[in-house]
Amino acid sequence: MWIYIEKIADYVGQEITIKGWLYNIRSSGKLMFPTLRDGTGFIQGVVSKNDVSEKVWDDFNKLTQESSVIVKGIVSKHPKKVNVYELQINNLEIVSISEPYPISHKEHGVEFLMDRRHLWIRTPRQSAVLRVRNEIIQSIRDYMYSNGFILFDAPIFTPNACEGTSTLFSTDYFDLGKAYLSQSGQLYAEAGALALGKVYTLGPTFRAEYSMTRRHITEFWMMEPEMAYFDIFDNMDLIEDFLVYVVQRVIKNKKQELEILERNMDKLEKVRKPFPRITYTEAVEILNKKDIPLIKKTEDGEEFIRPFPWGEDFGAPHEEAVVEDFDKPVMIYNWPAKAKAFYMKRDPDNPDLVRGIDVLAPEGFGEIIGGSQREDDLNLLLERIKEHNLPEEEFQWYLDLRRYGSVPHSGFGLGIERMVSWICNLEHIRESIPFVRRPNRIRP
RNA sequence: UCGAAGAUAGCUCAAUGGUGGAGCAUUCGGCUGUUAACCGAAGGGUUGUGGGUUCGAGUCCCACUCUUCGAGCCA
């Protein structure tokens, strides 16, 4: 009977078959301990020379790391360890003998492993990350579906920069000139929200910035909900409820993987409602209490400006200083207009502010969500488009959303890989996606 | 794009300007409870590329290439 390793605990005492690969093998004279993997888990086998045929024994001696095998044996409990099972192997069928395997069980550099990413993902740690990623995406879809959101896929080829800020990848598009790879589906999602009420997009996005940090990749997945008749506070309520659902569900369903990743569960458990909500102005006060200056680059180096001048955008040190006092995601809202994108709604009480939200993950994982209430006033939006020197013609359809039945609406964008990095406690975002794309990497 | 560090065996690293080493991996041998198993033996090198200083350069100097870390941009 063919069994997957993840179900092995149900078959103690029974003879089963595992179809998989040899992960590692240790031998001790007339005893061998092959560790097998089958994609669902890892299990140690026991082969003793006295209990198997000569052919089986000889075949085991031929096996190399990552050879594919079908083994038969009886499931037993580990003699010393609790909740660990072994397979007392009595038969072996070799499917394929592996050539000498390039990835050993000793240390390797990241670049060496990244060049062999197609093989690296076979290891317990990497496959645990990918399983958690799957659980995160599935729980996002389940949350959205059961809360009445419609999946609304946005196009990837677009004629213009959405926010007009970051650099985009471009390609020729038949007779229509240049097309750009989408950096956000938001503008399209807004159209969706005004048609369907609550929608979300989930797809790849592209940024051509030469960013070589542990938080940036050039191709990443983003989930962007957009809701009609939601103001900024409704938006924050949703963010909170949504993040708690996803985090708690991963904790519940992916305990083993988080253990492999040595994730500190106490810190994840604390992700419960309510999250701290801090205005930009309050955040600046925190910075000044901690004496964190604005760092300005000058021709001969750096200039430190204190107190932190109101109106300037935050950099990494500022985010860190604000977040370090909290053990939950922190929502910073009501930002200075000049620091944020053109589509964010002006605060009716203060024209210098826009109703934007940044959500910063705890433990120094940085911004995982950026969102806002959108500008729904046609004339104010036109003004902002001019201020930002954006091509008005390209935004006519977007402006239509304000001409025909404009309503307050809000949304946000969640970076999937940053979410995975946070939940898995990854040092670098490049391990959060099966095949990463960075400025210096397009292979494998 | 800017700043810092680095590139030596298949991998991870060591080597005061004076004969380039170790662990792992590979091959062979040993071992009945191993768990990145262990023990013994063997093979394995144009020190990133190009130039310079020197009696002598992995080591010092210059240029280039690539990588890592940080900053900016953001999710």
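Here is the naming used below: chain letters follow the sequence lines, and residue numbers restart at 1 for every chain. The figures here come from the full heavy-atom set of this structure, side chains too, leaving out hydrogens, waters and symmetry mates.
Note: NZ (A:Lys49) to C1' (B:C31) measures 12 Å, nearest angstrom. Protein atom OH of A:Tyr101 is 16 Å distant from nucleotide atom P of B:C11, rounded to whole Å. If you take NZ of A:Lys340 and P of B:C73, they are 10 Å apart, rounded to a whole angstrom. Protein atom CG of A:Leu63 is 13 Å distant from nucleotide atom P of B:U26, rounded to whole Å. A:Ile239 has its CD1 atom 12 Å from the P atom of B:A75, to the nearest Å. Going from atom CD1 of A:Ile357 over to atom P of B:C74 covers 17 Å, rounded to whole Å. For the pair A:Gln183 CD and B:C73 P, the interatomic distance rounds to 15 Å; values are reported in whole Å. A:Arg441 has its CZ atom 12 Å from the C1' atom of B:C66, to the nearest Å.
Checking B:G20 for Watson-Crick or G-U wobble geometry (two distances, each under 3.5 Å) identifies no partner in any strand. Look at B:U49: its Watson-Crick or wobble partner, with both distances under 3.5 angstrom, is B:A63. B:C38: Watson-Crick or G-U partner is B:G30, with both key distances under 3.5 Å. Nucleotide B:G72 forms no Watson-Crick or G-U wobble pair with any nucleotide shown, as no partner meets the under 3.5 Å limit on both distances.
The A:Ile429 side chain lies nearest to B:A75 when the options are B:A75, B:C69, B:G72. Set against B:C73, B:G33, B:A75, the side chain of A:Ser211 has B:C73 as its closest nucleotide. Closest to the side chain of A:Gln88, from the set B:G33, B:A75, B:C24, is B:G33. Among B:G33, B:C11, B:C74, the nucleotide with an atom closest to any side-chain atom of A:Arg207 is B:C74. Candidate nucleotides B:U68, B:A75, B:G33 were compared by shortest atom distance to the side chain of A:His216, and B:A75 ranks first. Between B:C69, B:G10, B:C74, one nucleotide has an atom nearer to the side chain of A:Phe112 than all others, and that is B:G10. Of all nucleotides listed (B:A75, B:C69, B:G33), B:G33 comes nearest to the side chain of A:Lys80. When distances are taken from the side chain of A:Glu367 to each of B:A75, B:G33, B:A71, the shortest belongs to B:A75. Proximity note for A:Thr213 (side chain, C-beta onward) versus B:C11, B:G72, B:U34: the nearest is B:G72. In this structure, the nucleotide among B:G33, B:C73, B:U1 sitting nearest to the side chain of A:Tyr210 is B:U1.
Among the heavy atoms of the strands lying under 4.0 Å from A:Ser27 is at least one base atom, whether or not backbone atoms are also near. Within 4.0 Å (heavy atoms only), A:His428 reaches sugar-phosphate atoms of the nucleic acid but no base atom. Using a 4.0 Å heavy-atom distance criterion, A:Gly366 is classed as making no nucleic acid contact. Here A:Pro79 lies in heavy-atom contact (under 4.0 Å) with a base. Residue contacts for A:Ile416: at a heavy-atom cut-off of 4.0 Å it reaches no nucleic acid atom on any strand shown.
Spacing between B:U8 and B:U67 at atom P, rounded to whole Å, works out to 14 Å. For the P atoms, the distance linking B:G48 with B:G20 amounts to 15 Å, nearest Å. Nucleotides B:C11 and B:U68 have their P atoms positioned 16 Å apart, rounded to a whole Å. For B:U65 and B:U49, the P atoms lie 16 Å apart once the distance is rounded to whole Å. Comparing B:G58 with B:U47, their P atoms are spaced 7 Å from each other, to the whole Å. Using C1' as the reference atom, B:U12 and B:U16 are 24 Å apart when rounded to the nearest Å. Going from the P atom of B:A9 to that of B:U59 covers 15 Å, rounded to whole Å. Taking the C1' atom of each, B:G44 and B:C24 are spaced 14 Å apart, rounded to whole Å.
Considering only side-chain N and O atoms, A:Arg438 lies under 4.0 angstrom from the phosphate OP1 or OP2 of B:U68. Close to B:U68, at under 4.0 Å from its OP1 or OP2, lies a side-chain N or O of A:Arg430. For A:Arg116, no side-chain nitrogen or oxygen approaches OP1 or OP2 of B:G10 to under 4.0 Å. The phosphate of B:U68 (OP1 or OP2) has a side-chain N or O of A:Asn440 nearer than 4.0 angstrom. Look at A:Lys81 and you won't find any side-chain N or O under 4.0 angstrom from OP1 or OP2 of B:G33. Between A:Arg214 and B:G70, a side-chain N or O to OP1/OP2 separation shorter than 4.0 Å is present.
Ring geometry for A:Trp335 against A:Tyr280 counts as tilted: the plane angle lies between 30° and 60°, on a 0 to 90° scale.
A donor N or O paired with an acceptor N or O is found under 3.5 Å between the base of B:U34 and the side-chain atoms of A:Gln44. Under 3.5 Å, the side chain of A:Arg26 and the base of B:C31 form no donor-acceptor pair of N or O atoms.
Summary of the strand contacts: A:Glu107 and A:Gly29 both lie near RNA chain B, and taking for each the nucleotide with the nearest heavy atom, the more 5' one is attributed to A:Glu107. Checking A:Glu319 against A:Ile25, the closest nucleotide of RNA chain B that is more toward the 5' end is the one next to A:Ile25.
Using a 3.5 Å distance cut-off with no hydrogens or angles, the side chains of A:Glu431 and A:Gln126 do pair a donor with an acceptor. The closest side-chain donor-acceptor pair between A:Arg37 and A:Thr35, if any, does not fall under 3.5 angstrom. Residues A:Glu190 and A:Tyr343 have side chains that never bring a donor and an acceptor to within less than 3.5 angstrom of each other. Judged by distance alone, the side chains of A:Tyr245 and A:Asp142 never bring a donor and an acceptor atom under 3.5 Å apart.
Between A:Ile137 and the choices A:Val420, A:Leu202, A:Val246, the side chain to side chain contact (heavy atoms under 4.5 Å, CB included) rule is met once, by A:Leu202. Paired with A:Leu360 under the rule side chain to side chain contact (heavy atoms under 4.5 Å, CB included), one option of A:Glu320, A:Glu367, A:Met331 passes, and it is A:Glu367.
Residue A:Thr40 holds its OG1 atom at 8.0 Å from CD1 of A:Ile8, rounded to the nearest 0.5 Å.
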Please assess A:Glu66 against A:Arg116 for the test salt bridge (charged side-chain N to carboxylate O under 4.0 Å, His left out), listing each intermediate value before the final yes or no.
CA-CA 14 Å; A:Glu66 285 300 320; A:Arg116 291 154 187 81; over 6 Å; no
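By the 5.5 Å and 30° criteria, A:Phe33 is not stacked with the base of B:G33.
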